[in-house]
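Let me begin by presenting the structure, written as C-alpha cells, before commenting on it.
Just so it is clear, the structure is predicted and the values come from calculations on it, not from any experiment. Below, chain A is the first sequence line, B the second, and so on; all start at residue 1. Side chains are part of it too, since the values below use all heavy atoms of this structure and drop only hydrogens, waters and symmetry mates.
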Amino acid sequence: MRLGRDILLALIVLAMVVGIGFITPAFVTPQSLAGLFNDTAILIMVALGQMAVILTKCIDLSVGANIALTGVLVALVNAAHPEVPIPLLMLLAATIGLGLGALNGAMVWLVGIPPIVVTLGTLSIYRGLAFIASGGTSIVGRQMSHAFIATPRTEFLGLPLMSWFAIVLVTVFFVGMRITRTGRAFYATGGNPVAAVYAGINVGLTQFTAFSISGAIAGFCGYLWASRFTIAYVDIASGFELQVIAACVIGGISIAGGIGTVQGAVLGALFFGVVSEALPVIHISPFWQLAISGTAILGAVIINSGRERQTGRLILKEASSA
Amino acid sequence: MSDQTIVSHGIPDRPAGRFRWWKRWEVVLFAVALAIFIFNATASPYFLNPYNLSDATFNFTEKAIIGFAMALLIIAGEIDLSVASIIALSSVAMGAAAAAGFGPAILIVIGIAVGIAAGAFNGFVVTWFRIPSIIVTIATMSLFRGIAFVVLGDQVYRHYPASFAYFGQGYVWWVISFEFVLFLALAVVFAVALHWTVFGRHIYTIGNNSVTALFSGVRVDRIRFLLFVLTGMMSGVAAILLTSRIGSTRPTIAMGWELEVITMVVLGGVNILGGSGTIPGVFIAAFVMGLVTFGFGLLNVPGIVQSIFIGSLLIGAIALPIIAGRIAGRWRNA
C-alpha cells in the first residue's frame, strides 16, 4: 500500500512535468530537467536528514538556521583563507553542522526537552550566531575564492557535482535505511518507542543520531547554499525548515513517526522543485507558489488521513492495555 | 536511561506536587521579568520614562493576545502555526475593504470574520480528517499567506480611514494605549475561561488524555474546533491592531510571528505536549519578551541578537527545572 502511495506521488510529479511539457516543450529537455534536479538537490538532501528525525518522532526546526550559520562560517573562512582546499571546507561545514545537530539531539536525549521546543530555541540561537559571526554584513561572491563557487558546479558525467552529492546521499539513505541497524532503529523508535526499548534499542541515542545526521547534512548544505547563490548572510535559508518539513509531509512521512520512505521524501522535494520551476515557465505569477504549496500539502495529508485514523485506533488499544 | 525514556512518552503530566511546581514557575518567571526590568533601568537612562515604557508595550501586546488563545490550544494538545498567516490574510481582506471605501466598523467585522473563518478551516480539517494539527497548520500557513500574496503580490494597501488608526495608535488615558487595555482585558477573560470554568477544565482533560476525556463525556472534537476558531479570531484581532498601528498591509506582514508566539507560550510554562500551563504564566512571559526586546533595543542590541537571548531563555526555562529536579533527586537518594 505504501509503495502504491509513492507510485501515486511519482505519477503526479510526472504528470505535472508532462503537462507543462505540452505547454512549453523546452521545459522537458534533458538539460532543463537536470537543472530542475540540481535546483532541488539541497531540498532533497536536507529533507532526507529531516526524514530521519521525523521517523524517530522528533522534529528539527533548526535546519534553516543551521544552513545560515554554517554557510556564513565557511564563507568567512574562505574569504580569510582562500588557500584552504574546498574538500576540507566541506568537511568543516559538515562538522559544524554535525555539532549543531548533536547539540539539539543531546538536549532531547540527555535533558529530555521536547524536540519542538529545543529546535525552536536553537533556531533563534543559531541564526543570531550567524548574525554575530557575519557582523551583520554579507559575504558576497567577489570575496569568495573561485574554487568555492565553482566546485558544486563542476560537471562530472554530464551532471554538476551538486546533483551527484544528492544522488549519493539518496543512495546511502536508500540502502542505509534498509540494511543498517541504525536505519531500522529509526523506524522502530518512531513506530513504538516503548516496544523499541524492550527490543534493546536505545531510543534517546537513536534520536540523538537522527539529529546529528540532520545537522551534518544541513551544515554541508550550508556550504552548497553559500556557493550556489554566491552570497552568505544571516537571512539565507530563512523559513527553509518549513519547506523541508512540507516536502517530507507530501512525501508521506508521518509526523507521528515510524512511517516513511526515502523515495517518498525525494518525491516530496521534487514536487516542490517542479512547482517552483514550472510557474514562471507557464507564466503564472510566482506569487501563486505559496498558495499552491499549501494546497498541495493539505491535499496530500487529507489523502493520507485514512492511515492517521488507524494510528488513532492504535493509541486507544495502547491506552486500554496500559 | 531506558526507563526514563518510557516515562517521557507517558502521559505528559507532572506527578504529585505538579501544582506547586507550576506555581513556583510563575514566581521564577516574575523574578526574571523583575531582574530584566531592573537591569534595563540601570543600563539605560531612557528606560524609566513612562512614554518609552508605554511604547514598549506595543512590542508584545499583539503577540500576547494571540498567545492567550494559543496557550489554550497547546494545553489541549494541539498547536497552530498558521497564526501569522491568518494575520496576513485578515489584513489583506481589511485592506481590500478599505480600498473599496468601507468604514472602520466594517473593517473590524471583516478582520475578525476572516480570522474566525481561517481558524474554523483549521479546526475543521484537524477534527474531521484526524490529521495532526502541526501538519494542517504548516499547510494552511502556506495557504493563507499564499492567498495574501496572490491578492496583493508586491503591492501594498495603505489607504485606511483616519479613524481606523485608533486601535493600534490610540490612547485610552495618558500613556495607557488601547492595545494595552485590550491586552489586560483579554488576559482576565482568558484566565477566567481557563481556570474557573468547565470549559477550561475540559481543555486540561483533553490535553492530558483525549481518549479518557472522550469516555468521560467531554465533547473533545467540539472543544478542539472551538479552540482553533478562538485562535483564529484572536489572530484577526491582532491583525486589526497591527494593521491599524503600522497603517499599511503587505503580504509579508507579521512574518515569523508564529514562532515568537509559541516561544512566549512555552516560556510562560505551558507544556508543549499539552495538559498543563496557566494564563498568568503567559502573561508574565509576554512582559519578559517585551522587556527584553525594548531594553536591548535601547542599548542598540540588534533584534537578531536578542533572539539568541530569547532562544536560550526558552531552552533554559525548560531545561533548568529538569536538571535541578534530577540533581535534587540524586541528592535525596544518596
Portion of [X] that has a non-hydrogen atom of chain B nearer than 4.5 angstrom:
| X | result |
| --- | --- |
| A:Ser285 | neither |
| A:Leu298 | both |
| A:Ser238 | neither |
| A:Ile292 | neither |

(message) List the residues meeting side chain to side chain donor-acceptor pair (under 3.5 Å) with A:Thr189, not counting sequence neighbours, and say none if there are none.
(response) none
Mind listing the closest non-hydrogen atom pair of [X] and [Y] along with its distance?
| X | Y | answer |
| --- | --- | --- |
| B:Ala319 | A:Ile113 | CB-CD1, 3.6 Å |
| B:Ser307 | A:Ser124 | O-CB, 3.2 Å |
| A:Val111 | B:Arg326 | O-NH2, 3.2 Å |
| A:Ala291 | B:Val150 | CB-CG2, 4.2 Å |
| A:Val301 | B:Ile135 | CG1-CG2, 3.2 Å |
| B:Pro132 | A:Ile255 | CG-CG2, 3.6 Å |

(request) Heavy atoms only, distances under 4.5 angstrom: which of A:Ile116, A:Thr295, A:Ile59 has the most pairs with chain B? Name it, please. (result) A:Ile116
(message) Just so I understand: if I count every heavy-atom pair under 4.5 Å between each of A:Val249, A:Leu61, A:Leu123, A:Leu120 and chain B, which residue has the most?
(response) A:Leu120
Interchain contact, [X] with chain A, by part (heavy-atom threshold 4.5 Å):
| X | value |
| --- | --- |
| B:Ile323 | side chain |
| B:Leu313 | neither |
| B:Leu152 | neither |
| B:Pro302 | side chain |

(message) Using a 4.5 angstrom heavy-atom cutoff, name the option from B:Leu143, B:Thr140, B:Ile308 with the most pairs to chain A.
(response) B:Ile308
(request) For side chain to side chain contact (heavy atoms under 4.5 Å, CB included), just list the numbers for A:Phe287 and B:Asp154, CA-CA rounded to whole Å, side-chain angles, deciding distance to a tenth of an Å, and then say yes or no. (result) CA-CA 9 Å; A:Phe287 292 121; B:Asp154 52 3; 3.9 Å; yes
Show me the side-chain donor-acceptor pairs of residues 253-263 of chain B shorter than 3.5 Å, one per line, residues at least two apart or across chains.
| residue | atom | partner | partner atom | Å |
| --- | --- | --- | --- | --- |
| B:Glu260 | OE1 | B:Lys63 | NZ | 2.8 |
| B:Thr263 | OG1 | B:Leu259 | O | 2.6 |

(request) Return yes when atom CZ of B:Arg224 has more than 12 non-hydrogen atoms of other residues, nucleotides or ligands closer than 6.0 Å, and no otherwise. (result) yes
